[in-house]
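None of these values were measured; they are calculated from a predicted model. Chain identifiers are assigned alphabetically (A, B, ...) following the order of the sequence lines, protein sequences preceding nucleic acid strands; residue numbering begins at 1 within each chain.
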Number of protein chains: 2
Amino acid sequence: MAQDSEHTTTVDRTSGALYRQVASDLREAITSGSFGESGRLPAEGALAEQYGVSRGTIRQALALLRADGLVTSRRGTRRVVLGGARVQSFSELLSFTHWARSMGEEPGGRLESLVRRPADAAEREQLRLAPGSDVYVALRLRTLSGNPVMVERIVYPPRVGELVAQLPPDVVSHTEFLREHGILFTDADHTIDVVAANADDARLLGCRRGSPLLRERRRTTDPTGTPVEWSQDRYLPGTVAFSVHNSLAASALSRHAREGD
Amino acid sequence: MAQDSEHTTTVDRTSGALYRQVASDLREAITSGSFGESGRLPAEGALAEQYGVSRGTIRQALALLRADGLVTSRRGTRRVVLGGARVQSFSELLSFTHWARSMGEEPGGRLESLVRRPADAAEREQLRLAPGSDVYVALRLRTLSGNPVMVERIVYPPRVGELVAQLPPDVVSHTEFLREHGILFTDADHTIDVVAANADDARLLGCRRGSPLLRERRRTTDPTGTPVEWSQDRYLPGTVAFSVHNSLAASALSRHAREGD
DNA sequence: GAGTGGTCTAGACCACGAT
DNA sequence: TCGTGGTCTAGACCACTCG
């Protein structure tokens, strides 16, 4: 946090919205342990004056920190820093490659198969395709520093699949390649449960058939709401866990009885 | 959605914030299939006029729907209804009892043990307790319509544990009981992974030792940021799954390499 | 170029928590 | 009672999408 002699705080004006810059600055101040032992933040009005912005902008910034579980907020009292802060960008969440690199691991992958075939009923529904549409189905083994970690099955609509089929073999990151070609990922729905390894899983991951895997199913859409992929990732136990923060204000996680696949 | 002859929409003024009422009304309009095939919502300005509120209030309402993954939003175009809508309240998420009832199942539980003992290092850190503090540890079997579904181990700080120890045996919902006694749950961090059943798990759930369970670890805090419980729930596979929605705008889910327990 | 959502401001009043 | 965050308003300008 940059302080000048007037006790106002300046933020880098060259990138993005003001409230994001303020949020970023506050995030740093929080994680670097400012705000002392009590962890009480200044009042919104004080922050507004300090940053030279309106209270509304400060509130937008604080809403971001709130969503990340960094601070509390309730009427009547100052905001308080929460422990257990966790930070991860959207792209790290969706892209195995980004995620691995952010941990300092070397991501790898091997495309086992990529086929074009008619979509079945479930695929048509998930990807909102018309009857008779084709899909591309990719099966990939993912590795961290050479060790098998995850098997991913991704179903693409034709528009996206055609790009994936042209994907050069040396490109590691699916996601980035697609983004560069105009396929945008903006929203994702995830479902997490446990499943038994099938023959393919066992062969690729080097585990026994029937042994448990952590499964993440994900449907990703672009800004218009059009599905761009439907994926099913199966992780070896002990390699990965998923974390969620939620609060009374905004809850994104849900628990539900398991239905059919 | 209630319409009068002036084409304005009225909402119930008797409960809660205006923007929540608008959000609730829009949520209903969306799920009941208004907005036609295209799924395009009216412009913010039009909604503001329709509801007789300012655009800011409409934006607050839409932010809620956005967080739930019900609608998209981007500059330049109307908002669009997303498929795959999922709704669950915070209390349903934290309380096994509420969750079960919302599905039409009959929740049950059996307290296996409740002990007070000195906290170990991990417990002190999770609950932010001073050295030498005690904790209460509850072990419970949870059932749906009589069938074992989940084993929960909850560690409480003394203040909360003393209440739990007084909990009448006929009270089904932990969470509600605590809320009525002034213990508020407002923020929660969840971690989801797979673990092998130990001897206790196997005995209570009726599965084999070493068989896989879906584990949810959760730390819940009150509005001041003080931890009020640290729980570890283990579900039989096939009984439950966890869902998360996230978007470029606000992401609460994270994936991380598994660390020590 | 017209329409849209994104951002920002300045001010107001209220509900709640602490003292 | 006083300070706090929660809510709401009215208006402004901008960045982006689309025909």
For [N] and [X] - does any side-chain N or O of the residue sit under 4.0 Å from the phosphate oxygens OP1/OP2?
X: A:Thr57; N: C:dT7; value: no
X: B:Ser54; N: D:dT9; value: yes
X: A:Arg79; N: D:dG6; value: yes
X: B:Ser73; N: C:dG6; value: yes

Selection from [options] that lies nearest to any side-chain heavy atom of [X]:
X: A:Tyr19; options: C:dT7, C:dG6, D:dG5; value: C:dT7
X: B:Arg75; options: D:dA15, D:dG5, D:dC18; value: D:dA15
X: A:Arg78; options: C:dA15, D:dT4, D:dC18; value: D:dT4
X: A:Arg74; options: C:dA18, C:dT9, D:dT4; value: C:dA18

Roughly how many Å is it from [atom1] in [X] to [atom2] in [N], rounded to a whole number?
X: A:Leu65; N: D:dG5; atom1: CG; atom2: P; value: 13 Å
X: B:Leu18; N: C:dA12; atom1: CG; atom2: P; value: 21 Å
X: B:Gln21; N: D:dC8; atom1: CD; atom2: C1'; value: 13 Å
X: A:Glu49; N: C:dA10; atom1: CD; atom2: C1'; value: 14 Å
X: A:Leu47; N: D:dG6; atom1: CG; atom2: P; value: 13 Å

Q) Start at the 5' end of DNA chain C and walk down; is the nucleotide closest to A:Ile58 or to B:Glu44 reached first? A) B:Glu44

Q: Salt-bridge test for B:Arg140 and B:Asp233: reply yes if a basic N is under 4.0 Å from a carboxylate O, no otherwise.
A: no

Distance-only, no hydrogens or angles: does the [X] side chain make a donor-acceptor pair with backbone N or O of [Y] under 3.5 Å?
X: B:Thr226; Y: B:Asp222; value: no
X: B:Thr72; Y: B:Val80; value: yes
X: A:Arg79; Y: A:Leu41; value: no

Q.
Can you work out whether B:Gly76 or B:Gly56 has the more 5'-proximal nearest nucleotide on DNA chain D?
A. B:Gly56

Q) Quick one: on DNA chain D, does B:Gln60 or B:Arg55 contact a more 5' nucleotide (nearest heavy atom)? A) B:Gln60

Q. What does B:Arg59 touch in the nucleic acid at a heavy-atom separation under 4.0 angstrom: a base, only the sugar-phosphate, or nothing?
A. base

**Q.** Heavy-atom side-chain contact between B:Arg27 and B:Asp68 under 4.5 Å
**A.** yes

